Number of protein chains: 2
Amino acid sequence: MPRASLSRETVVGLALRVVDEEGPAALTLSAVAARAGVATPSLYKHVRNLAELRELLSAHVMGEISARIGDAVLGRSGDEALHALMTAWRSYVRTHPGRYAAMIQSPQPGLAEAGERLLDVMFAALRSYGLTDSESVHAVRCLRSAVHGFVLLEAAGAFGLPESLDDTYELLTRMITAGLHAPRP
Amino acid sequence: MPRASLSRETVVGLALRVVDEEGPAALTLSAVAARAGVATPSLYKHVRNLAELRELLSAHVMGEISARIGDAVLGRSGDEALHALMTAWRSYVRTHPGRYAAMIQSPQPGLAEAGERLLDVMFAALRSYGLTDSESVHAVRCLRSAVHGFVLLEAAGAFGLPESLDDTYELLTRMITAGLHAPRP
DNA sequence: GCCTGAAAGCTAATGTCATTAGCTCAAAGA
DNA sequence: TCTTTGAGCTAATGACATTAGCTTTCAGGC
């Protein structure tokens with residue numbers, strides 16, 4: 001086996017640096033190849049095509065988020081766990097806005113596993129609320145929607161007014177936690 | 001003035017049909033030109049470039065949403081107004097998922113006006129809660145985040161489980177409305 | 001009815017990408 | 001040392017965006 005200077009993982013790592021430093025729109029095979037010091041077609045030895053690279057990158061990012069929020073939730077329960085989860089999620093996106101924006105949302109086969117892990121962490125964080133399975137599904141969806149919407153808009157710079165975004169996020173957190181104490185009407 | 005078969009508005013209209021029928025990724029000047037029955041470079045007589053077309057399209061979509069939720073809120077107040085606003089917003093996105101996904105979120109000069117109008121409608125819908133200006137800003141941001149996150153994920157097909165999405169959205173609506181009755185801790 | 005100039009559309013050309021085909025050559029293992 | 005495998009390369013193709021410069025149409029004045 002010859003020159004193994006590159007690997008699938010290295011390529012994904014370089015792709016992450018591209019989106020971190022130049023934004024999601026800059027993610028091209030050319031850009032990654034340039035960073036790898038390699039001709040563009042050489043990348044096809046490691047990833048099937050650009051679409052697969054995007055998928056691998058998305059799975060990686062989902063994995064990082066799961067790990068972060070999983071850590072944050074450890075040893076906590078109830079509102080405290082929820083608060084920690086939401087804070088950790090937002091904090092990750094603030095650190096890597098391009099990375100988060102580059103993440104694919106539509107259901108791809110390669111993302112199923114990473115997506116499930118992320119859901120698992122969220123379900124676990126809600127466990128102490130004592131919800132039924134079905135209530136938990138609705139609760140996780142609401143949590144995910146609210147956090148995803150907020151961090152996406154924040155990362156895009158879509159909140160123009162001068163009011164504190166920390167305060168807004170506090171309010172959002174309270175809306176979610178309060179809503180979880182009475183998930184049915 | 002010669003052959004005025006095309007216009008800025010026509011071009012935007014064709015672009016809307018492209019994203020509606022083929023998704024946001026299919027929005028190319030080639031695709032629009034093909035629908036217009038015109039060579040690609042001819043479009044440059046009407047829009048500066050692809051970036052500007054995206055901006056015009058985004059402004060148009062924002063305008064449509066403002067109009068829809070504005071209508072929905074007319075003659076209502078309080079929780080009822082909020083509920084109508086959220087329902088109308090989601091309903092718009094379900095009708096035009098590609099259009100919504102094609103909408104730019106980052107603050108562009110050309111989007112300022114449309115963005116302000118959308119914000120105005122949301123502030124108006126919250127008026128009867130009697131919030132302070134600052135509380136309203138936080139409330140609108142939370143509302144926008146939650147709705148945007150939900151409809152984006154729903155349009156992307158990101159909610160895989162079989163539980164009813166209508167029920168989830170009801171819960172999300174209740175979380176927001178309940179949170180608005182006591183926006184500060 | 002004819003002239004003219006501005007605007008709409010066209011062709012040709014360039015540059016960036018993704019992707020495929022087929023070659024080369026390094027190095028691992030016999 | 002020889003073979004084989006696989007990483008990386010060059011060349012080529014095709015889709016796009018964008019620019020330059022030409023052609024043609026037609027509105028309005030004569």
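From a predicted model like this one, the values you see are computed outputs, not experimental measurements. Here is the naming used below: chain letters follow the sequence lines, and residue numbers restart at 1 for every chain.
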Discussion item. Tell me whether the count of non-hydrogen atoms from other residues, nucleotides or ligands lying under 6.0 Å of CG in B:Asp166 goes above 12.
Written reply: yes
Donor-acceptor pairs are to be reported for all side-chain atoms of residues 97-104 of chain B against protein atoms at under 3.5 Å, with residues two or more places apart or in another chain.
residue	atom	partner	partner atom	Å
B:Arg99	NE	B:Asp20	OD1	3.1
B:Arg99	NE	B:Asp20	OD2	3.2
B:Arg99	NH1	B:Glu64	OE1	2.9
B:Arg99	NH1	B:Glu64	OE2	3.2
B:Arg99	NH2	B:Asp20	OD2	2.4
B:Tyr100	OH	B:Trp89	NE1	3.4
B:Tyr100	OH	B:His148	ND1	2.7

Rounded to whole Å, please give me the gap between [atom1] in [X] and [atom2] in [N].
X: A:Tyr44; N: D:dA11; atom1: OH; atom2: P; result: 18 Å
X: A:Leu27; N: C:dC17; atom1: CG; atom2: C1'; result: 12 Å
X: A:Leu6; N: D:dA7; atom1: CG; atom2: P; result: 10 Å
X: B:Leu43; N: D:dT19; atom1: CG; atom2: P; result: 13 Å
X: A:Glu52; N: C:dT19; atom1: CD; atom2: P; result: 11 Å
X: B:Leu53; N: D:dC16; atom1: CG; atom2: P; result: 15 Å

Please state whether the phosphate of [N], meaning OP1 or OP2, lies under 4.0 angstrom from any side-chain nitrogen or oxygen of [X].
X: B:His46; N: C:dG9; value: yes
X: A:Thr28; N: C:dT16; value: no
X: B:Ser42; N: C:dC10; value: yes
X: B:Ser5; N: C:dA8; value: no

What's the closest nucleotide to the side chain of [X] if the choices are [options]?
X: B:Ser30; options: D:dC16, D:dG8, D:dT18; answer: D:dC16
X: A:Val38; options: C:dT19, C:dT11, D:dG8; answer: D:dG8
X: B:Leu29; options: C:dT19, D:dT18, D:dG8; answer: D:dT18

Discussion item. Between the base of D:dG6 and the side chain of A:Lys45, is there a donor and acceptor pair under 3.5 angstrom?
Written reply: no
Worksheet item: Salt-bridged, A:Arg141 to B:Asp167, with N to O below 4.0 Å?
Response: no
Item to complete: State plainly whether the residues B:Arg48 and B:Glu55 are in salt-bridge range, i.e. N to O under 4.0 Å.
Response: no
Worksheet entry | Gap between atom CG of A:Leu50 and atom OG1 of A:Thr28 - 0.5 Å precision | 8.0 Å
